[in-house]
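Presented below is the structure to which this report refers.
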Amino acid sequence: MASLKELKGRINSVKSTQKITKAKQMVAAAKLRKAQAAAEAARPYASRLAEVMGSLAAKVAGQDNGPLLMRGTGSDQRHLLVVVNTDKGLCGGLNSNIVKEAKLQARALEAAGKTVSFYLVGKKGRAPIRRDYPNGIAAGYDTGNVRTPGFDEASAIARELLEMFEAGKFDVAHLVAPEFKNALTQLPVTTQIIPVPAPTNTPGSSGAIDAVVEYEPGEEEILEELLPRYVTTQLFGALLEREASEQGASMTAMDNATRNAGELINKLTIQYNRSRQAAITTELIEIIAGAEAL
Amino acid sequence: MSLHFELVTPARLVRSEEVHMVVVPGTDGEFGVLEGHAPFMSTVKDGTIKVYKSAGSAPEEITVQGGFAEVGAKGLTVLAEHVEG
């Protein structure tokens, strides 16, 4: 049986933990709104770029001399997994889910006889992936030193990836990043980013007009400029999704933690009151017994 | 008699409005887009986009860095990497 003083100490310590989790929850809720707005604001650019890509790629597709980024290196032996994790913890199972997905992909690729390496974005994925693949980490990008990773970070990552690709360090790159569904669910998804997958062209209203589109300087030159930008946009989207996912997961996790702390405080308070009562009762009995003995 | 003009950056939709004419700094030279322009696509170099709200009015200048301009049935869309201001 813990002494009264010990119990009181524990109650106080749980109370201050609750204060922290509650504050973190409120901060996450505010940041989540901002992150969601940012993710939404980025959508027009991504969808327009995809549209332009679609119409251009349909023209260049089928030609053997297309840009390297679209064609690929001709082999699919070496795979690079670009894993986007968060920089901060306190966000529930988000990071371990991302790492789990990445390892799953890596194992599937290795089972198919491919070699796998990792490119890590964000701090929290490093340790768990290094544990399983001590030599597999090719490079990484630290987003921890900026407050909200933006387009500049995305283009820096894309530049590095493209340099690695041009230097022939890998054949295929996949992006493993969380996809923000809502504050409760964030699913890690894997998408291929290099070579750029040929967009499934939907025959629609644009098809008829495209026939007479004039290109300046030329279709291939435009496509060559467009592809790196497309990769950047994909990474930028992943960073935004990560931001929203992190805040959403953090909000949910901290909400749970606050509630658990509340329950624990109640339990401890009851225990504290009981032992206090017991102590008083024993004291009284002692006094009465002492008085009677006289 | 107006052209639908959209300026989009990765971070947000900067402009979406009806204007008279837009002059875009293309890689192969500046070009002006009026309503009913033929479908056209060009890369954009760093420079200023001039937006003429109405015929004869003073242009509004927007500094952009890198990107694409696409003219289609829906109007002119400029995808820029950076927009100042």
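Everything numeric here is computed off the predicted structure, so don't read it as measured data. In what follows, every chain begins at residue 1, and chains take the letters A, B, ... in the order their sequences are listed.
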* Taking the side chain as every heavy atom from C-beta outward, state whether A:Glu221 and B:Thr43 have any atom pair closer than 4.5 Å. => no
* B:His82, B:Glu81, B:Lys74: which one forms the most heavy-atom pairs within less than 4.5 Å of chain A? -> B:Glu81
* Asked: If you look at every heavy atom in A:Pro44 and B:Leu13, which pair is closest and at what distance?
  -> CG-CB, 4.4 Å
* Asked: A:Tyr45 and B:Arg12: side-chain contact (heavy atoms from CB on, under 4.5 Å), yes or no, with the steps?
  -> CA-CA 7 Å; A:Tyr45 186 86; B:Arg12 69 207 162 99; over 6 Å; no
* Asked: Is chain A contacted by the side chain of B:Ala69, its backbone, both, or neither, given a heavy-atom distance below 4.5 Å?
  -> neither
* Could you have a look at A:Thr233, A:Leu226, A:Leu240 and say which one has the most heavy-atom pairs with chain B under 4.5 angstrom? => A:Leu226
* In sequence, state the C-alpha distance, the side-chain angles, and the governing distance for B:Val8 and A:Arg43, and then conclude on side-chain contact (heavy atoms from CB on, under 4.5 Å). => CA-CA 10 Å; B:Val8 194; A:Arg43 241 164 248 161; over 6 Å; no
* **Carboxylate-amine/guanidinium proximity below 4.0 Å for B:Glu6 and A:Arg48** => yes
